[in-house]
Chemist: 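Before anything else, here's the structure in question.
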Amino acid sequence: MPGLCLRRALCLFVLLTVFLESSFAALLAIDYGSDWIKASLIKPGLPFDVLLNKDSKRKIQASVAFKRDDRLFGTDAANLASRFPSDSFTSLKLLQGAPFSSEAVSYFAQISTSDIVESGRSTTALKQSDGTEWSTEELIAMQLSYVKQLAESHGEHVHDVVLTVPPHYTQFERDAIVDAVEIAGMKTLMLINDGTAVAVNYAMTRTFSSTPEYHIIYDAGASSTRATLVSFAAVEDPKTKAPYTQISVLGVGFDRSTSGTDLGRRMRDILVERFFSQHKQDIRRDKRGMAKLWQEASRVKTILSANTEATSTVESVAFDLDFKTKVTREQFERACSDLRSRFAKPIHDAMASAGLNLDQISSVILTGGNSRTPMVQAAIKSAVGEHRIAQNVNADEAAVLGAGLYGASLSRQFKTKDIRIADIATYDIQASYFASTPDSRTIHSSIFPKDSKYGSHKTLSFKRKEDFSVWFDYKTEVAPGFPREILQVQISGVAEALGNLTERGAIDPVVKLTVALSDSGFVSAKEAVAYGEVRDESLAGMLKGLFGGGSGEQEVLKEQDTEDMVQEGEGETRQTTPATKEKKTNKEKKDMSTIPLEVNVVFSTLPPMTVAEKRAARDRLRAIDSKEVLKRLREEAHNTLEAYLYKLRDILEDGPDSPFMKCSKASERQAISKKLADTIAWLHEEGEAADTTALREKRGTLELLERPIVHRYKEIEDFPQVLNNSQKWNWSTRLFLAEARANLTAEAAADVPSKWTSEELDGLEAKLKEHEAWLHGGVERHKRTPMNEDPAIQTKEMKERAKALEQHLQRLVKKKAPKVKRPASGSSQRSGSSDSEPKEPDSGRGTGHDEL
Ligand SMILES: *[C@@H]1O[C@H](CO)[C@@H](O)[C@H](O)[C@H]1NC(C)=O
Ligand SMILES: *[C@@H]1O[C@H](CO)[C@@H](O)[C@H](O)[C@H]1NC(C)=O
Ligand SMILES: *[C@@H]1O[C@H](CO)[C@@H](O)[C@H](O)[C@H]1NC(C)=O
Ligand SMILES: *[C@@H]1O[C@H](CO)[C@@H](O)[C@H](O)[C@H]1NC(C)=O
């Protein structure tokens, strides 16, 4: 498998180059698709790879479902649709950021059995069978939160995410995914267009020359088809002279309605027709039946990718009827014949947009599950030529891995290959405003035309005297039923600020508005100021003026409708982290000439969620999360009680030789028996309704009765070992005492200092005797105690006493040997008291000291 090899190579590569800085917060990359979610956790010490789900699969089905009090995810959730069609939610990506009245929503209604309702924000919400409504963002957030938990099972808290989005995602759709991420308790570090992410992954293991190489990333995805034309080149950093890989997106082509989902829809419609012709019943009236056919369509579609025909069999699909039919690849392709050319068109569009022709394209890299469909393959091959289709690219996971790699490079905590990307806008974005002339015409002026670079900003200058509004909109419709207006900027305080500037001596002051197109593809208003050059009368100011410090670089647009406005200062604000800190440039000069204006941004069409809405959504999710945790604890308590009861029942039924029988009295067994019977009855009658505390209490009561018996048994088991230990210490102590006393006597006779006094040794001996006496008494009583009585001496006390004796002994052994005084005469007193060895007593002397 070439894909696997590549993946291995990549793992190795990243492992070698990755290093840990002081505290690294793990980063999560997510490719949230219509059918599948793929994720990758980037964390030092973890191999760079996709995140496995709980069944060790490399991708997670993008579904969430509700089954009474349970919430299911992944395949479990999708499979629930055939039984609870209104409680299983899949393909939600199709609804992301879509207005309720848009074509995207009516299309979703064709392929899904979910009940769609309008949300309070004129987008979509979905309704469970019990009437509970969830906004699309909330349902997607649940899935993202599920992925977060999977990632966190690797032991690291996850907060930052990089997500892939289709390049044609509008601001509304981008807002929707960012909102979902926030509801899921995470923060979006960046959105990266998926074709660009694949390009990053592609570049990671390859080297390029300074001559650009052109490739097309083609993705026949579940929700849409898109082609991204990129160039790869080796470039030298002008400052550091270090080489880096530059990836530039030069053109994008896409088709929102040609998708894997639509192939599935057509297959399902074949099955619907077959069912009708066989049974003369309209299965579309039966939600469960439709949900089953939707799953079956996906299965048959997959079989037909490798076979020329497939048999479909669904038992009891609807109306108690079984269904069986055969579909050939040819029949399927006929039903999709109009799609064939549409699958190839985005490639041509991307080339046209980039102004390149096929001969200049080195390869076409296919990604997306449906790129393997024979019909799509054939369409691409005939469009670009088979030799141009890249092999050895792990198509399925390239986007999420590329996003992860790029995210890691942004965080600056990993050392990765230096790859820089330049992405571009997919739609024309213009600024619109009412002319100040009496006729109040609407004036449109392009601010970020299609193919504008991400990460750039522009300053618009308006010759206005009063407060006014500018709105940013898409020049043409972005998708059927989507609004064109993105946001409105209300600028106020104009008259006063201009008046002040004029007072300061500025001539013809203007209003300047800075707009930005972020690295994640969002357009926003950065700031608005009143500006008029105030002449600086100081010497420094005059010098500045001499050397061309003026601001006359404004480029007046040639468009006829711009008499009110000029654009200037187009520039790139390449920021590697989107957490932007406003740059304060030319501060001193600006102070006099610039007065900040109040900017109020209003979303009048499809607003992103407000902070309050997001908080409310997050609270709802937290509430079900904690409800689920409590439920799981209750279930655990129920199950442990049940298991405990059966264990106890078995123990009571054991033969007379079992430890339990030997260590228990008949009265105790009777008491347990009775309580056990009561509890089993209680569990049957009230167990399902009982709460966690009640369940735990029941177990506690029984354990209390069982505990003395268990304790006896445990004591009997432990006794020999503990006794052995006690004896070892009285034995060691006795040995030590004998030897030490002999030494003391000898030393006294020889008149050399001793390590111990005889009082010290007497003290230890007293301790030893006391220990021996206690132990002896205890052992005698122990022998006479029946097994089903509480033990005469506790092993706990035996251990403590042995420990006390041991410590006493150790204190003496560790005592420093006295310094041998050298007599002034220098004559050695006694050769035996070798001053060459003034050390501690040899502790290895078979006295057991080596155990100290
Ligand atoms: C204009 O000048 C007045 C008087 O100096 C001042 O109080 C006011 O804040 C200024 N307004 C602005 C917008 O700078
Ligand atoms: C006591 O300990 C010794 C040595 O540690 C061992 O040989 C002996 O078998 C032990 N006896 C019992 C009853 O555990
Ligand atoms: C230690 O104490 C036990 C219990 O009194 C006794 O049986 C044993 O002989 C003693 N061991 C020695 C070495 O004195
Ligand atoms: C007794 O004296 C000998 C010889 O000096 C020495 O090796 C040994 O450690 C001493 N024993 C004790 C318990 O002090």
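We count ligands from 1, going down the list as the structure has it; atoms in each ligand are counted the same way.
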Chemist: NE2/H808 to CD/E760 distance, rounded to the nearest 0.5 angstrom?
Modeler: 8.0 Å
Chemist: Calculate, to the nearest 0.5 Å, the distance between atoms CG and CG belonging to L761 and L812 respectively.
Modeler: 6.5 Å
Chemist: Between F719 and H782, what is the ring plane arrangement, given parallel below 30°, perpendicular above 60°, and tilted in between?
Modeler: parallel
Chemist: Is the shortest N/O to N/O distance between W756 and ligand 4 below 3.5 Å?
Modeler: no
Chemist: Below 4.0 Å from any atom of ligand 1, which residues have a heavy atom? Give them in chain and number order, please.
Modeler: E496, N500, I595
Chemist: Could you tell me the separation between the CD atom of E765 and the CD atom of E770, rounded to the nearest 0.5 Å?
Modeler: 13.0 Å
Chemist: Does D619 have more than 12 heavy atoms from other residues, nucleotides or ligands lying within 6.0 Å of its CG?
Modeler: yes
Chemist: Please check if the number of heavy atoms outside K475 that lie under 6.0 Å from its NZ is greater than 12.
Modeler: no
